[in-house]
There are 2 protein chains.
Amino acid sequence: MDVNEAAGCVCFNLRKAARAVTQLYDAALEPSGLRATQFSLLAKLHFEGPLAVSRLAEAMVMDRTTLTRGLQPLERQGLIAVAAGRDRRTRRVRLTARGRKRLTQAFPLWRTVQARVTRGLGAARRGRLLSELDMAVSAAQGA
Amino acid sequence: MDVNEAAGCVCFNLRKAARAVTQLYDAALEPSGLRATQFSLLAKLHFEGPLAVSRLAEAMVMDRTTLTRGLQPLERQGLIAVAAGRDRRTRRVRLTARGRKRLTQAFPLWRTVQARVTRGLGAARRGRLLSELDMAVSAAQGA
DNA sequence: GCAAAATAGGTGTATATACGCCTATTATGA
DNA sequence: TCATAATAGGCGTATATACACCTATTTTGC
């Protein structure tokens, strides 16, 4: 173990950046009553339509049981609804009218903070970052 | 809201990558009994010596109260110890002998998974990723 | 010297995360 | 057909995360 070799840990640095950036997005979205993760979930449902729990979990690159817990506060607030799916095993998750309204309200807040981060990073660097994050996901899952 | 504009959300993509990569590191570190975050905490304490709770939190870019909770399982296992600090407010956190031993045991596991991710990404891309993550942290905190 | 501000840290609560294990249902193949 | 595998999803538990709020102590400015 040389002098802080672990400082270059990909996992640690990803988590660190996720913490810092999430706090910024959470604060920006606060007037909408949504957390960053909740905003992403509603947006995914809005743009990709009703989905079974496991399909939504795959789309979010999220453990299915993580998603189950994450859906609960959204369902409590009536922003999403879960109904029986194609067969008796599956449950389809969909955005409610209230959820769509909340998403519409949150969207400008998201745009503002996204623009702020984009300015801070530079658009080109932001593009590279997103592309490298995608590759990191592939590397982690394909490994 | 055009077609999935939110898919380019820096926060979402950071969190997504952090989830995927953390699962890989957690699985790799499993034989040591440490989670990725715990490994990072022990490594930080090893390389940067005993630190007050707030100083450690700053070094980790972690909320102080997050750190308080995160230290508890490590203290329970006797991997770290917390003692009175310079004045009666501060508490110094240090690695114990047992913690050092555990870190030494985990280090090769970490090196292996870090090397795997580095191969998957390419060393150059990994370097760029780490540098962009640093800038994202600065952008988030300086914003 | 002392009141106010700054610093240090914990607790309550809520969400985020995922592993192991469980049940239920559907699909498959001999 | 029917045993088995595959699929779908929840629950218990544990860590990770951080905000609002609290107490205790120290520092600062007058």
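Quick note on labels: first sequence line is chain A, next is B, and so on, each numbered from 1.
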Inset, instruction - Look at the side-chain N and O atoms of B/Thr68 and state whether any lies under 4.0 Å from the OP1 or OP2 oxygen of C/dG10. - result: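 For C/dG10, OP1 or OP2 has a side-chain N or O of B/Thr68 closer than 4.0 Å.
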Inset, instruction - Check whether any side-chain N or O of A/Arg91 sits under 4.0 Å from OP1 or OP2 of D/dG10, and answer yes or no. - result: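 True: A/Arg91 side-chain N/O within range (under 4.0 Å) of D/dG10 OP1/OP2.
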Please pick, from [options], the nucleotide with the shortest atom-to-atom distance to any side-chain atom of [X].
X       : options                : result
A/Asp63 : C/dG10, D/dG9, C/dC19  : C/dC19
B/Arg69 : C/dT15, C/dC19, D/dA18 : D/dA18
A/Met62 : D/dA6, C/dT17, C/dG9   : C/dT17
A/Ser54 : C/dG10, D/dG9, C/dT17  : D/dG9
A/Arg35 : D/dA16, D/dC11, C/dT15 : C/dT15
B/Thr66 : C/dG9, D/dT15, D/dA18  : D/dA18
B/Arg19 : D/dA16, C/dT26, C/dA18 : C/dA18

Inset, instruction - Decide whether A/Met135 and B/Tyr25 are clustered together by the hydrophobic rule: side chain heavy atoms of Ile, Leu, Val, Met, Phe, Trp, Tyr closer than 4.5 Å, transitively. - result: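 Yes, A/Met135 and B/Tyr25 fall within the same hydrophobic cluster.
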How would you label the contact of [X] with the nucleic acid (heavy atoms, under 4.0 Å): base, sugar-phosphate, or nothing?
X       : result
B/Arg86 : nothing
B/Arg76 : sugar-phosphate
A/Thr65 : base

Inset, instruction - Please tell me which of B/Arg55 and B/Gln72 maps to the more 5' nucleotide of DNA chain C, matching each residue to the nucleotide holding its nearest heavy atom. - result: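 It is B/Arg55, whose closest nucleotide lies nearer the 5' terminus.
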Legend entry - Base D/dT25 to side chain B/Arg88, donor-acceptor N/O within 3.5 Å cut-off: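 There is none.
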Separation of atom [atom1] in [X] from atom [atom2] in [N], rounded to whole Å:
X       : N      : atom1 : atom2 : result
B/Glu58 : C/dG9  : CD    : C1'   : 13 Å
A/Leu34 : C/dA16 : CG    : C1'   : 15 Å
A/Arg64 : D/dA6  : CZ    : C1'   : 13 Å

